[in-house]
Amino acid sequence: MLDFIYYPVSAILWFWHKVFSFVSGSPDNGIVWALSVVFLVFTLRAILFKPFVKQVRTQLVMQKLQPQIKVLQKKYAGDRQKLAVEMSKLQKEHNYSPLLGCLPMLVQAPVFIGLYHVLRSFNRTGAASHIPFLSPTEPMSIADNANTANYFFSASDVQSFLDAKLFGAPLSAMISSPAAQLEAFGDVTRMSIILVAVPLMIFAAVATHFTSRASVARQVDSGTANPQTAIMNKLALWVFPVGVIAFGSFAPVAILIYFVSNNCWTLAQQHFVYGKIAAEKREAEVEPAPKPAPTAPAPGAKPIKAKRKQ
């Protein structure tokens, strides 16, 4: 159903796996597969860098427009249609586009769904998967699963992924994985998955909190005073990180790696982009000092003698 998402995501993951396999000489290594997931995230975020910069600039424009928006809301409190027209005019005057503020999130959502499905499809044993928006996969035997391709990955790649373990935990395994699925990974215990997944869950939650904290700290006072904004800030700071931990037990180890690397990129990118915009603002505010009038004559020009007062 969503093959147009699954194939590109699996192709990028396949590419980075081949790169790190060539460098390390060990395609079955769990760190090689983990780095492939990390650089899949980095590839996506690099593609979305310019849209992210536009998103930030759009948000800053919206913050500057808040006083004018409040005036319009007060002026047209009883006429929603007129308010919408005037708001649209104001946005056009300042080249504000609401879509730019949502574009990075809109692109990342299908990639997350695609990665989740591709990782689940490496191990199609056990119970059938009927996840909303994902193509249902019927359970296979361990032998059939190991000999069946997974989108861009050949059957040998599937076997390589099943053999790869990150500190003893298979990358597509979950804390809540059924026992029948764990058998496909060979000698793997649920405790070995917990010992890897739980630290990743905590790290991802902490990274989510600090990423949200950095965003909230850059909001203007007029935005934080808004009750709806205050509620969203609390959700982002506390509820979302807790949600990451709650979701973590149902997520493959590779998805937890995705969360960690994605939040680390976001935190670094925010610091870089906002710092660059702040530097541009400081440069614009500094006016060049007027040049002093020349005291000496230009080369080749005769000196002008001052007239004596009589």
Side-chain angles (χ1 to χ4, degrees), residues 9 13 34-49 51-53 55-56 58-60 63 100-120 131-133 166-167 169 171-176 193-220 223-224 226-275:
V9 170
L13 186 62
L35 286 173
S36 303
V37 174
V38 170
F39 275 79
L40 165 67
V41 176
F42 289 174
T43 302
L44 169 68
R45 298 305 302 270
I47 294 172
L48 291 176
F49 179 75
F52 175 79
V53 174
Q55 176 192 19
V56 172
T58 298
Q59 291 173 346
L60 293 176
Q63 288 179 2
L100 288 176
C102 304
L103 183 60
M105 184 63 69
L106 291 175
V107 175
Q108 286 186 69
V111 171
F112 172 79
I113 293 173
L115 178 60
Y116 188 87
H117 178 73
V118 169
L119 292 174
R120 287 289 299 263
I131 302 171
F133 308 110
L166 183 66
F167 305 113
L171 292 178
S172 65
M174 304 175 289
I175 294 177
S176 59
I193 300 171
I194 292 173
L195 291 176
V196 174
V198 170
L200 285 173
M201 289 158 56
I202 295 172
F203 195 95
V206 171
T208 300
H209 172 79
F210 279 103
T211 301
S212 301
R213 180 178 289 273
S215 298
V216 171
R218 293 185 177 96
Q219 292 178 2
V220 295
T224 55
N226 188 321
Q228 293 181 345
T229 304
I231 292 173
M232 287 304 300
N233 288 344
K234 289 181 179 179
L235 289 174
L237 285 171
W238 306 109
V239 178
F240 292 170
V242 172
V244 170
I245 294 177
F247 174 74
S249 60
F250 302 97
V253 172
I255 289 292
L256 297 176
I257 295 173
Y258 170 93
F259 277 138
V260 171
S261 53
N262 188 58
N263 278 293
C264 289
W265 177 285
T266 300
L267 194 60
Q269 184 174 256
Q270 282 181 344
H271 180 76
F272 173 77
V273 172
Y274 280 100

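The chain is numbered in sequence order, starting from 1. For the numbers below, each heavy atom of this structure counts, side chains included, while hydrogens, waters and symmetry mates do not.
- Partner of Phe259 under the ring-ring contact (aromatic ring centres under 6.0 Å, His included) criterion, chosen from Tyr116, Phe203, Phe112: Phe112.
- Using modelled atom types, one finds no donor on one side chain facing an acceptor on the other under 3.5 Å when comparing Ser261 with Arg45.
- Ile175 is listed as a side-chain neighbour of Val198, based on a closest heavy-atom distance under 4.5 Å.
- Between atom CG of residue Leu256 and atom CD1 of residue Ile202 there is a gap of 11.0 Å, rounded to the nearest 0.5 Å.
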Candidate pair Met174 and Ile193, rule side chain to side chain contact (heavy atoms under 4.5 Å, CB included), full reasoning
CA-CA 7 Å; Met174 304 175 289; Ile193 300 171; 5.9 Å; no
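- The distance from the OG atom of Ser212 to the CE atom of Met232 is 9.5 Å, given to the nearest 0.5 Å.
- Between Leu44 atom CG and Leu115 atom CG the span is 10.0 Å, to the nearest 0.5 Å.
- For the ring-ring contact (aromatic ring centres under 6.0 Å, His included) criterion with Trp265, the lone passing option out of Phe42, Phe272, Phe39 is Phe42.
- The minimum heavy-atom distance between Val244 and Ala205, with the atom names listed, is CG1-N, 4.0 Å.
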Please step through side chain to side chain contact (heavy atoms under 4.5 Å, CB included) for the pair Leu237 and His209, ending with a clear verdict.
CA-CA 5 Å; Leu237 285 171; His209 172 79; 4.1 Å; yes
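- Here the CG atom belonging to Asn262 is positioned 13.0 Å from the CD1 atom belonging to Ile257, to the nearest 0.5 angstrom.
- Side chain of Ser176 to main chain of Ser249: a donor-acceptor pair is present (N/O by atom type, distance under 3.5 Å, no hydrogens or angles).
- Between Phe49 and Phe52, the gap from one ring centroid to the other reaches at least 6.0 Å.
- Nearest heavy atoms, Thr208 versus Phe240: CG2-CB, 4.3 Å.
- Nearest approach of Ala34 to Leu171, heavy atoms of both residues: N-CD1, 3.8 Å.
- Atom CG of residue Leu200 and atom CD1 of residue Ile245 lie 12.0 Å apart, to the nearest 0.5 angstrom.
- Among all heavy-atom pairs drawn from Tyr258 and Val37, the shortest one is N-CG1, 4.2 Å.
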Before you tell me yes or no, could you show the steps for Met201 and Phe247 under side chain to side chain contact (heavy atoms under 4.5 Å, CB included), namely the whole-Å CA-CA distance, both residues' side-chain angles and the distance that decides it to 0.1 Å?
CA-CA 9 Å; Met201 289 158 56; Phe247 174 74; over 6 Å; no
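- Rounding to the nearest 0.5 Å gives a distance of 13.5 Å between NE2 of His271 and OG1 of Thr211.
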